[in-house]
Amino acid sequence: MSAAQSGAKPYYFVPQPSHWPITGSAALLFLGLGAAFWVNGMDAGPWLVGLGFCILLVMLFGWFGTVIGESEGRLYSRRVDRSFRWGMSWFIFSEVMFFAAFFGALFYVRNLSVPDLGSLNSKLLWPDYTAGWPTVGPYLKETFTPMGAMGIPLLNTIILLTSGFTLTVAHHGLTSGHRGQLKIWLLLTILLGATFLGFQAYEYTHAYSELNLKLSSGVYGSTFFMLTGFHGAHVTIGAIMLTVMLGRTVKGHFTPDHHFAFEAAAWYWHFVDVVWLLLFVLVYWLV
Amino acid sequence: MVRNKTGNRAGHRHLRTAFAAMLLGPGTALAALEWNLQTPVTPVAQQMYDLHAFIFWVCVVIFVAVFGVMFYSIFKHRRSVGHKAHQFHENTTVEIIWTVIPFLILLFMAFPATKTILAMKDTTGPGLTVKVTGYQWKWSYDYLQEGFGFYSNLTTPLAQIENRAPKGEHYLLEVDKPMVVPVDTKVRLLITANDVIHSWWVPAFGVKQDAIPGFVRDTWFRADKPGIYRGQCAELCGKEHGFMPIVVEVKSKGDYAAWVSAQKQNAAAAGDDPNKVWDPKDLIARGEKVFASNCAACHQANGKGVPGAFPALDGSKIVNGPEAAQVALLLNGRPGTAMVSWKQLSDTDLAAVITYTRNSWGNHTGESIGPALIKTARQ
Amino acid sequence: MSSIPHDHATGHAEEPPHAHDDHAHGPHGGIMRWVTTTNHKDIGTLYLCFSLIMFFVGGIMALTIRAELFEPGLQIVHPEFFNSMTTLHGLIMIFGAIMPAAVGFANWMIPMLIGAPDMAFARMNNWSFWLLPPAVILLGVSFFVPGGAAAGGWTLYPPLSTQAGMGMDLTIFAIHIMGASSIMGSINIITTILNLRAPGMTLMKMPLFCWTWLITAYLLVAVMPVLAGAVTMLLTDRHFGTTFFNAAGGGDPVLFQHVFWFFGHPEVYILILPAFGIISSIIPTFARKPLFGYASMVYAVAGIAILSFIVWAHHMFTVGMPAAGLLFFMYATMLIAVPTGVKVFNWLATMWKGEMTFEAPMLFAIGFLFLFTLGGFTGLVLAITPVDIQLQDTYYVVAHFHYVMVAGSLFAFFGGTYYWIPKWTGTMYDERLGKLHFWGSMIFFNITFFPMHFLGLAGMPRRIPDYAQQFADWNMVASIGALGFGLSQLIFLYAVIKCIRGDGAKAPAKPWDGGDTLEWTLPSPPPYHTFETPPVIR
Ligand code: HEA
Ligand code: HEA
Ligand code: CUA
Ligand SMILES: [Cu+2]
């Protein structure tokens, strides 16, 4: 808004017209089209997805770059800051509901559909099936070994919980003006996140090559990979967000009372942490 | 996407009745028009009918009362008759009244509904149990205790559907072999499906139960009156969803017993000898029938399929390739596609339909496949 | 789009025009103005125009359906294409017409009603809108891929949808994109309402429209991700070997229905609550009385929203739930009649002893009241489980939801358009056209949809391209009605275009003598930027 240019700090910052949104829309159009082509085995698919992805990256860099510029240019008043807080909270709430759909599916198959398939009526269709968990269901033949909870998953739990702690230490460093502390502990958090992801990748290869546990291993495989996979994707996003924060710290951004971006990334990280705890209990432990 | 429309005389009659209905409204002689639920023939359907009537009238009374007030206000409290606005805007007492009264009315409605639900769900003590399976797009009935079963296919000719012939009385609601049950007997249905979700619905019985592939759901009815009752599949199940009717014939107990023994005899007689060596002509003729009632819905009678959805069999690589591949395909289906396993067909029927497809349209393999081959392939 | 004036000479009571404010960096010119805009009024306009176009697209699909059903037999389209028409008609009307219209109203009105300078996240607001065209393009492309567009109904039940061709994948991705759009739009609205109210504008002083949207946005944030989850599972079942909805691997097709309706039922209140808000703005204005029972109206909306999360399985009474499930969902569903009743009675009490006049907005509000309540009653009939067993998946349901969505949401949006279009364009709409549009819609709507109750009771299933002879007469009536209803909408189109082109009387700042909310303190049309310094509300 022009009031900004004319010196006086505006009551509320309203950005100039921007071409980033439409760029993002183009990216999603190509991504959607490309993904649909790809899953149907058409050659154009991967190319379109690649194109969409590149455009998306450009858009993300451009858009976030603009926001960072505005923030560092101190165009955001307290009220704008509060808007960001509301916005991030509701975004995280929407993510909670997204995971809720998958946890709901897990609850449903374990407590309703699988027992139903082993019930007396179902003997008519599946005479030999006995309900239980984990299961590949009444028809699929390939068996697998379920993922144990006490090996890598437990280690990963400890890693993520620790990373929540290190991130809090980093935040304290930021609010108390100890930027060295901030940088080191933030870096540590990111490394812990990366370790988590490394272990998860290892766990997946282990599942596929030794346990014969696959995405297609009945509802156990479906729910296991869907829940842990989406969680892993969120850890990745969170780690990228933290890395950006580290980069900005190195560049000298943030002050003890003006660093909402950092806090947003931290909120997100803690959210991912809590989801993991649920996963650990419901997916790995209570088998 | 355009179909040719060949003259449909009936149209004009409908148009006239329709206009009559619009102009004259209710109360005139419009016997042809249906207004309400079908006449129930089971106790549960009767309860549903009464429940609907009860709720309907309660709603009508509330509606008339509420909008009586509104129209009174509209006519009296308008500027054009010089009414001046009174500026009140709150009154806790009335708010409480119009929260509590609807709540009480609802309790009043919930009570009989609860009773019906409990009756509806009580499937204990059946006199007869029939397994009902939905397929794209037909039903099958298996009489579990008696040990026989059959498919039930739509019999309305294509010519009627495509307006090339006048429509019959039971247009779209007629089948080759109806389900048959005895009167005054609790019939328990075990309902499932083979491919997608269907729903078995006969309005006169008050039964509508989704048929869910891989699961068995049960429901029941007890018909009070012999007769023929018609219903339709009530869950979208693909392109022929509108063309998979349900017909149930309720017979007296004696007639039913006679029907059962006839069925058993038929089943024994029709049990083809799987080792019989067929004359290819007969096999092809039989195959054509099997094809028409099982495959033509997707692959079309001319074998051309529907581009993009259902492949053409005319010229298909599988149909013109090694026969073992086609036999395997028919026995196993292609998981994840509409092409399901057809192993429930008899050896002879499968042999016939394969032979037919391999020697029809542009396919001329000249091969004839015997039931024995299918029998071996099944093992 | 007429020119939107940029002069700030006309300030308003609370806000003196500020001198420093010369807007050197105003909007781009030409098409780029609309593509890059961050202005809530521009974006509102975009949403409303988009929704109108989609209404016509969906309407043409509806007319194809009605033409095929004009008489028994297959005449015009193949069954598979018919199913695509039904599916896309449902999806486009809900996600393309009604929801964007509601967001359009929110964009235009909420900042003006609470005295905010714009939406909280103006740039993201642009993206929320501009995600819709890609989604619609995906749906459009799906008609031309092998296998054709999705044909499994807007509810996308597997395994039918697992069987379908590539059109289903495009539909799934379109839903993902529309979901992202809705979530961002909703976060924006919630934040704007919670954070950008002018000083003195307490939550309980906000016009009811803001309240209904606040709660709608909350519902959206809560359920759109669940829909995204459902279609994601569908996608992996289709292509990556998962078995969520396949008994062979221990899954269950009914699981999809639970997840879908956990979204789907709140969704129908998402469609109606903003309409309630508009009606709550119109009736007091034309009755020249304050809204009766403001606080209880707010509580009623909240009550509806809360209840909406625990009633979803009333769409699934025939899947074979245990009796306890049937009873719970029946009772919970019936309860919704109580808060909805409170709203209806409060509107009546607002009209009571008022000084009513009957311009087009008021006519549509009254039409809404009458027909929505009728649709609510048929909803109640459907809620009674044993009765629903007979009516589930019949035309009775089709009648029910068109009463609540067409005569409900859509009529409210028509009313809202007539009510606010003088503000938006600065030109009064043509009252004669408005009245004609109302009576045409009212009469033909009932001719179209009232007979569907009889069809459903008599046993006509929905989603069928051909039907038995005993359904012929009422279907013909309905089809004739649909043609008339469609033609009536051309009047609306004409009336709106006239306003946009400035062809009509110049609208004063406050065209309705009964209006007392903030937007009427602004000139018509309002300046490009409003409330850059907040007004103070006493
Ligand atoms: C705007 C959208 C909207 C709204 C507001 C509603 C409102 C309601 N709906 Fe509806 N509904 C749909 C959209 C909507 N619905 C859609 C789209 C479908 C079909 C989806 C599909 O399958 O494709 C559907 C289907 C549907 C079904 C499933 C039918 C089936 O498939 O078998 C049921 C069953 O319970 C139902 C019930 C209700 C009820 C009880 C209400 C209540 O909220 C109504 C409450 C209102 C009133 C009752 C009137 C006012 C009250 C009074 C004046 C007080 C006094 C009254 C009494 C004491 C009775 N709806
Ligand atoms: C809010 C949403 C909304 C709206 C506004 C409408 C509007 C209409 N609907 Fe829709 N409908 C749904 C939501 C909606 N519908 C849903 C969710 C379904 C379920 C889908 C499913 O089963 O999956 C459905 C299903 C549905 C069916 C059942 C289909 C089936 O089961 O196979 C029918 C049948 O008559 C129908 C008819 C109509 C008609 C005639 C209109 C009319 O109101 C439309 C009027 C508008 C126009 C006609 C366009 C404007 C005018 C022109 C373009 C000018 C040209 C006009 C002429 C030359 C006449 N609808
Ligand atoms: Cu089977 Cu519809
Ligand atoms: Cu509902």
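Each chain gets a letter, A, B and so on, in the order the sequences are listed, and its residues count up from 1. The figures here come from the full heavy-atom set of this structure, side chains too, leaving out hydrogens, waters and symmetry mates.
Ranked by heavy-atom pairs shorter than 4.5 Å toward chain B, the options Pro339(C), Gly354(C), Ala300(C), Pro158(C) are led by Gly354(C). Among the candidates Thr99(B), Ile62(B), Ile74(B), the residue making the largest number of heavy-atom pairs closer than 4.5 Å to chain C is Ile74(B). Among the candidates Asn346(C), Ile384(C), Leu348(C), the residue making the largest number of heavy-atom pairs closer than 4.5 Å to chain B is Asn346(C). Counting heavy-atom pairs closer than 4.5 Å to chain C, the top residue among Gln160(B), Glu169(B), Gln136(B), Gln47(B) is Gln136(B). Per-residue counts of heavy-atom pairs under 4.5 Å with chain C were compared for Val207(B), Ile212(B), Leu173(B); the largest is that of Ile212(B). Contact count against chain B (heavy-atom pairs under 4.5 Å) is highest for Ile389(C) among Val342(C), Ile389(C), Ile464(C). Ranked by heavy-atom pairs under 4.5 Å with chain C, the first of His170(B), Gln38(B), Glu235(B), Met120(B) is Glu235(B). Of the listed residues Gly214(B), Pro102(B), Cys59(B), Gly242(B), the one with more heavy-atom pairs under 4.5 angstrom with chain C than any other is Cys59(B). Counting heavy-atom pairs under 4.5 Å between each of Pro451(C), Gly341(C), Gly514(C), Ala468(C) and chain B puts Ala468(C) at the top.
Side chain of Lys121(B) to main chain of Met321(C): a donor-acceptor pair is present (N/O by atom type, distance under 3.5 Å, no hydrogens or angles).
Side-chain polar atoms of Glu95(B) and Asn91(B) form no donor-acceptor pair below 3.5 angstrom. Side-chain N/O atoms of Glu359(C) and Thr357(C) include a donor and acceptor closer than 3.5 Å. Looking only at atom types and distance, the side chain of Asp237(C) has no donor-acceptor partner in the side chain of Thr162(C) under 3.5 Å away.
Heavy-atom distances place both the backbone and the side chain of Leu236(B) under 4.5 Å from chain C. Looking at Val100(B), there are no atoms closer than 4.5 Å to chain C (heavy atoms on both sides), in backbone or side chain. With a 4.5 angstrom heavy-atom cutoff, Phe345(C) touches chain B via backbone and side-chain atoms both. Contacts of Ala151(C) with chain B are made by backbone atoms alone, with heavy-atom separations under 4.5 Å and no side-chain atom involved. Within the 4.5 angstrom heavy-atom criterion, only backbone atoms of Arg462(C) (N, CA, C, O) approach chain B. Contact of Thr86(C) with chain B is not made at all, since no heavy-atom distance falls under 4.5 Å. Proximity to chain B is limited to the side chain of Met330(C), based on heavy atoms less than 4.5 angstrom apart. Of the two parts of Leu455(C), neither the backbone nor the side chain holds a non-hydrogen atom closer than 4.5 Å to a non-hydrogen atom of chain B. Looking at Pro290(C), the atoms closer than 4.5 Å to chain B (heavy atoms on both sides) sit in the backbone and in the side chain alike.
In summary, the aromatic rings of Trp352(C) and Tyr72(B) are positioned with their centroids under 6.0 Å apart. Aromatic pair Phe63(B)/Phe370(C): centroids less than 6.0 angstrom apart. Between His453(C) and Tyr396(C), the ring center distance clears the sub-6.0 Å criterion. Separation of the His86(B) and His83(B) ring centroids falls under the 6.0 Å cut-off.
Taking the ring centre of Phe88(B) as origin, the terminal cationic atom of Lys353(C) falls outside the region bounded by 6.0 Å and 45° from the ring axis.
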